[in-house]
2 protein chains.
Amino acid sequence: MAKIRPGKNGSKKDVITQKAAVLFKTKGYSSASMRELAETIGVEAPSLYNHIGSKSELLQIICFKVADAFTSHLDSTERTGETVPEKIEAIIRFHIGMMLNDFDEVYVANHEWKHLKEPYLSNFLNQRRGYEKRFVQLVESGIEAGELKKTDPYVAVLTILSAVRGLEFWQHHKKNISAATLEDDMVNHLLNGIAK
Amino acid sequence: MAKIRPGKNGSKKDVITQKAAVLFKTKGYSSASMRELAETIGVEAPSLYNHIGSKSELLQIICFKVADAFTSHLDSTERTGETVPEKIEAIIRFHIGMMLNDFDEVYVANHEWKHLKEPYLSNFLNQRRGYEKRFVQLVESGIEAGELKKTDPYVAVLTILSAVRGLEFWQHHKKNISAATLEDDMVNHLLNGIAK
DNA sequence: TAGCAAAACTAACACTTATTAGTTTTTTGG
DNA sequence: CCAAAAAACTAATAAGTGTTAGTTTTGCTA
């Protein structure tokens with residue numbers, strides 16, 4: 001009866017995907033059922049299959065949308081003439097922005113990717129490893145140029161990526177901290193530390 | 001036929017719980033089946049119920065074992081006469097140590113807690129919120145004492161906890177980075193930054 | 001307004017799930 | 001070595017899973 005109404009910008013498939021992201025985030029991919037997803041849309045489960053191929057396709061779309069966004073941002077950052085610390089700052093700010101604006105998708109990509117099916121699982125992991133590797137190379141070049149302290153570049157990248165990824169549990173503190181404060185203080189912490 | 005053999009230190013229930021942690025980590029709580037858990041132990045699924053109450057009890061045990069370990073470490077850290085930066089360093093090192101030594105359990109506690117049933121879910125979240133709150137207070141006192149830079153204490157705690165939590169994906173780089181390097185560099189990064 | 005395509009519906013299938021009941025085997029202790 | 005307790009087994013249940021088939025309704029366009 002109820003018809004899937006496409007948002008002003010987006011097909012019906014996009015609407016389903018977005019609702020799926022919220023549901024996968026809340027319940028986890030495995031615990032989220034197609035019947036439940038259909039219910040949040042106001043439709044019976046089999047009707048979804050007029051628009052999508054399978055449940056796991058929804059996960060693929062979400063994960064690769066996020067992965068592609070980060071990859072293409074890194075592409076353009078690498079091409080700027082900024083110093084390494086400036087580039088790192090830009091990357092951190094982009095991660096934080098993604099976390100704040102596309103929280104559902106980013107959360108799902110970070111937490112539910114293991115339920116991707118082959119060959120998507122391998123593709124996703126390769127893409128992520130490639131991203132990390134390029135980030136490590138960026139840090140290495142900054143150390144060589146004397147713009148960064150001598151430290152293990154892997155650990156530095158690990159620390160930065162982990163810190164921004166953890167923003168998911170900032171959602172609970174939204175009332176206490178503004179997005180601007182969060183972004184500035186975290187950038188500062190990760191670049192300059194907190195010890196006096 | 002095959003009997004559950006208790007490890008030298010631990011009941012049969014402990015053996016099951018430990019294997020469950022590995023399985024929950026690998027497949028996720030919802031995707032992990034009792035049949036599969038039983039198989040890794042070498043027994044039929046219903047036999048497990050001679051030792052445990054339910055699948056979700058296993059998750060409870062794992063999550064609260066981890067939560068209690070962190071809480072009680074914070075208890076003792078608060079009572080030392082160290083400076084605030086020293087206390088923070090101790091906390092970071094404890095987190096890293098837990099990640100390296102009890103990886104399976106910590107991973108599950110961090111990723112699968114949402115599948116806890118009430119009232120355990122609320123208890124767990126309350127315990128975690130309490131931990132964060134006490135950590136924030138510690139940072140606040142360090143700022144007041146002039147031992148830390150003036151920064152938002154929530155953001156600082158968020159950054160530190162997120163960074164150490166992300167150590168889960170260091171497992172893939174084990175060959176490249178020693179545990180000692182990792183620990184020292186991360187502590188240094190989080191306290192002093194990487195920018196020159 | 002007739003007809004066609006899109007998209008909804010109901011019914012069903014083939015599986016998997018955690019868990020219980022009832023029974024048999026194994027281990028333990030006197 | 002025998003009895004009691006512990007722990008394994010098989011069989012079964014009730015609920016829930018993603019998905020397909022077949023049919024009916026809806027909505028656009030000619």
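The shown structure was predicted, so the numbers you read here are calculated from the model rather than taken from an experiment. Just so we're on the same page: letters track the sequence lines, and every chain starts at 1.
One interatomic measurement links the two molecules: NE2 of A:His115 to P of D:dT17, which rounds to 15 Å at whole-angstrom precision. As rounded to whole Å, 12 Å separates atom C1' of D:dG18 from atom CG of A:Leu58. When the P atom of D:dA12 is taken as reference, atom CD of B:Glu44 falls 15 Å away, rounded to whole Å. Atoms CD (A:Glu39) and P (C:dA8) sit 16 Å apart, rounded to a whole Å. Rounded to whole Å, the distance from CG on B:Leu37 to P on D:dA8 is 12 Å. A straight line from CD1 of A:Ile16 to C1' of D:dG18 spans 15 Å, rounded to a whole angstrom. Atom CD of A:Glu57 and atom P of D:dG18 are 15 Å apart (whole Å). The nearest whole Å value for the distance from the NZ atom in B:Lys12 to the C1' atom in D:dA6 is 7 Å.
A 4.5 Å side-chain heavy-atom check between B:Met186 and A:Leu158 finds at least one atom pair inside the cut-off. A heavy-atom distance below 4.5 Å is found between the side chains of A:Arg134 and A:Thr71. Side-chain contact between A:Met99 and A:Asn110 is present, with at least one heavy-atom pair separated by less than 4.5 Å.
Here the side chain of B:Glu112 pairs a donor or acceptor atom with the backbone of B:Tyr29 at under 3.5 angstrom.
With hydrogens and angles left out, the side-chain atoms of B:Glu36 and B:Thr40 include no donor and acceptor closer than 3.5 Å. A side-chain donor-acceptor contact under 3.5 Å links B:Glu118 and B:Ser122.
Note on B:Ser47: every side-chain N or O is 4.0 Å or more away from OP1 and OP2 of D:dA7. For B:His51, no side-chain nitrogen or oxygen approaches OP1 or OP2 of D:dA6 to under 4.0 Å.
Between A:His95 and A:Phe70, a ring centre-to-centre spacing shorter than 6.0 Å is recorded.
A:Asn50 contributes a side-chain N or O that forms a donor-acceptor pair with the base of C:dA8 under 3.5 Å.
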Show me the protein contacts with nucleotides 17-19 of chain C, counting only N or O atoms at under 3.5 Å.
residue, atom, partner, partner atom, Å
C:dA18, OP1, B:Ala32, O, 3.2
C:dA18, OP1, B:Met34, N, 3.2
C:dA18, OP1, B:Lys55, NZ, 3.1
C:dA18, OP2, B:Met34, N, 2.9
C:dA18, N7, B:Arg35, NH1, 3.0
C:dA18, N6, B:Arg35, NH2, 3.2
C:dT19, OP2, B:Tyr49, OH, 2.3
C:dT19, OP2, B:Lys55, N, 2.9
C:dT19, O5', B:Tyr49, OH, 3.3

